[in-house]
Amino acid sequence: IAIHTYRIMLAPPIQIMQCIDFIRDKIADKELSSCEDNDRNGRFIQGVIIGRRSLGRNLSFADIAIQSADHIIDETITNDVPINIIFTRQSFLGPKDNADTLNEPFPTKGTSLPYGASILAQLGHCQKVKSKITGLIEDVWEVTRWKITEHPKELAKDMASLLIDDNVNNEGDEQSFKQGKSNKSVIIGSGAMSCSDYLKARGEAFEEASKRRQQLLDNKSDVDIRLNKDQYRSRKTDSNANSMNTENKLNEIESEFHHGGKQAKAKRAKIFASWILETFFDIPMSVDSRMGGVQHDRLICQPCQSNDALVEHVPQMHVFDVAGGKGHLSLELILHQTMQTSTSVISRCTIIDPVVRKSDAKQRQAKLKKAESRLRKQNDDGVVGTIDHIATYFTKDTFPEIYAQSIPNVNLKEKRSIPSTTLLLGLHPDECTEDILDAALEHNLSVAIIPCCIFSSLFPSRMITRSSDGSDGKDEQVPVRYYEDFLEYLLGKDESLQVCTLPFEGKNKVIYRKIKSD
């Protein structure tokens, strides 16, 4: 360190930065080795997160329940009470390159500190902070490095995981699969999990962490709580009054940041499905969708002109509803085309979602049977499209395999080209939004997605170009952190992409392109 410090005075700027990085790494390594040598002095803790709070990119807090007596910090702290830890940019050393060390990044938001997760943390200095609730002086320990050893979400996924179905495409099920009568209503792929088992595991983990938190809080001295009991009650009353004053304002802007409830989701699926049939298949939008505020140049009187004439030239399409959840969008597409025309422009909808819900497939099949019986009463020979479900995660790399799984009696190892009669859809598909668009561009397919969440922490490599305000006038690359930037980033992938706005609450921008089918 001394030699590199001397070199800084004689070196050019580039070598200066290298020397500084070397010194920083040496200091960090020395602190880590010192902590490992002095484990008895309480430089490491292992426990469960029973409380958390994030104040942005530079400050976070957590309450930890100590798991074992071997990781007690000092004699004044026992595993009968929780300890408080703090993450600050000044004291946080960051992850090491070696996977064996504490390699978690700085927690920039609440979800980075999962409630009920087991962690191993390296501690630094201890601060004396006055509690805003009790008014007492409490110890708050700075965290220099940390690692999540057990994540409740990952544990729940393991407990709810389903076995992969290797016998999907046997010859005996080919005919029934095409008719939508296969006993295997869901194809189990990689990453599939039971919704009920997953929610049960998450609920049990949450209840266990909450119960442990309450037990530790009850162990605190009653005298300490009584010291400022009246002051705490008055502050709580003031806080409730302030929250009541701002409740109406929060309700007004809630739709901008939330997916909404069941009714809102159902309405989004209905409007999006109607727009898809109008845009890709020339089937007029329903009256409800028009009243929502979408302006169209072509209006067709239903009694005067039949919709069958509009779709005779359209080949049957295979729709992939990525991150389709319960299948609202797929069901609306099939039912809406059945009501508008006897010609099935969509022969099949395949839902791609890792979560398996037992009752969803039965409800979808019941509604499709009603639509089929309605056609028979009208003496119509039209065929109702089918809906199947592949329980797996979607990426642009796994899409060819997923497509092969959706076709019966196909060798999964055989490479097949994906036809242009394939349509990729995504209604608020979250993490796989970009993968849907990339897969459509790679295989030259039609696509329509409604982006929602950005997930900037999961995808830090997403960049857009911004003009610099400096004197040099050069453009600079900035990370995608806002919704408008995300739309610009996605639209910049190809010149053929277009954007449209749909009339429902929440994120309603559609990015799409239409490819002429062979």
Taking the side chain as every heavy atom from C-beta outward, state whether [X] and [Y] have any atom pair closer than 4.5 Å.
X      : Y      : answer
Val499 : Leu487 : no
Leu59  : Phe106 : no
Ser194 : Leu162 : yes
Thr395 : Cys432 : no
Phe281 : Ile346 : yes
Ile449 : Tyr512 : no

Could you pull out the closest heavy-atom pair between [X] and [Y], with the gap in Å?
X      : Y      : result
Pro114 : His151 : CG-NE2, 3.5 Å
Lys396 : Asp435 : N-OD1, 3.3 Å
Ala209 : Gly116 : CB-CA, 3.8 Å

Nearest 0.5 Å, what's the [atom1]-[atom2] distance between [X] and [Y]?
X      : Y      : atom1 : atom2 : result
Leu329 : Lys270 : CG    : NZ    : 13.0 Å
Gln46  : Glu150 : CD    : CD    : 8.5 Å
Arg513 : Leu424 : CZ    : CG    : 10.0 Å
Ser60  : Ile85  : OG    : CD1   : 9.5 Å
Leu113 : Ile49  : CG    : CD1   : 5.0 Å
Thr108 : Arg57  : OG1   : CZ    : 5.5 Å

Expected output: side-chain [X] to main-chain [Y] donor-acceptor under 3.5 Å:
X      : Y      : result
Ser446 : Leu423 : no
Thr422 : Ile418 : no
Trp146 : Pro105 : yes

**OP:** Test Pro429 against every option in Asp353, Ile436, Ile450 by the side chain to side chain contact (heavy atoms under 4.5 Å, CB included) rule and name the one that passes.
**Re:**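 Running side chain to side chain contact (heavy atoms under 4.5 Å, CB included) over Asp353, Ile436, Ile450 with Pro429 returns exactly one hit, Ile436.
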Original post:
Quick check, are the ring centers of Phe272 and Phe504 under 6.0 angstrom apart?
Top reply: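 Not under 6.0 Å, so no.
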Subject >> Ring centres under 6.0 angstrom apart (Tyr403, His443) >> reply: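 For Tyr403 and His443, the ring centres are not under 6.0 Å apart.
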**OP:** Inspect the surroundings of CD in Gln477 and state if more than 12 heavy atoms from other residues, nucleotides or ligands are less than 6.0 Å away.
**Re:**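 Above 12, so yes.
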Original post:
Is Lys211 atom NZ crowded by more than 12 heavy atoms from other residues, nucleotides or ligands, each under 6.0 Å away?
Top reply: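 No, because the 6.0 Å sphere around NZ of Lys211 holds 12 heavy atoms or fewer from other groups.
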Subject >> Verdict with supporting geometry, Ser496 and Asp494, side chain to side chain donor-acceptor pair (under 3.5 Å) >> reply: CA-CA 5 Å; Ser496 63; Asp494 194 87; 2.4 Å; yes
Original post:
Taking the six-membered ring of Tyr115, is the NZ or CZ of Arg52 close enough (under 6.0 Å from the centre) and on axis enough (within 45°)?
Top reply: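 No.
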**OP:** Identify, with sequence neighbours excluded, every residue that meets ring pair (Phe, Tyr, Trp, His ring centres under 6.0 Å) alongside Tyr198.
**Re:**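 Partners of Tyr198 under the ring pair (Phe, Tyr, Trp, His ring centres under 6.0 Å) test: none.
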Original post:
Hey, which of Asp321, Thr386, Thr350 is the one that makes side-chain hydrogen bond (donor to acceptor under 3.5 Å, both in side chains) with Ser330?
Top reply: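 Output: one option passes, namely Asp321.
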Between side-chain atoms of residues 457-464 and protein atoms elsewhere (two or more places apart, or another chain), which donor-acceptor pairs fall under 3.5 Å?
unit_1	atom_1	unit_2	atom_2	d
Ser457	OG	Lys109	NZ	3.2
Arg462	NE	Glu434	OE1	2.8
Arg462	NH1	Ile454	O	3.1
Arg462	NH2	Glu434	OE1	3.1

Subject >> Residues Arg466 and Glu488 bridged, charged N to O under 4.0 Å >> reply: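 Looking at Glu488 together with Arg466, the answer is yes, because their closest N to O distance falls below 4.0 Å.
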Original post:
Between Phe87 and Phe61, does a ring pair (Phe, Tyr, Trp, His ring centres under 6.0 Å) hold up when you go through it step by step?
Top reply: CA-CA 6 Å; Phe87 297 82; Phe61 302 90; 9.1 Å; no
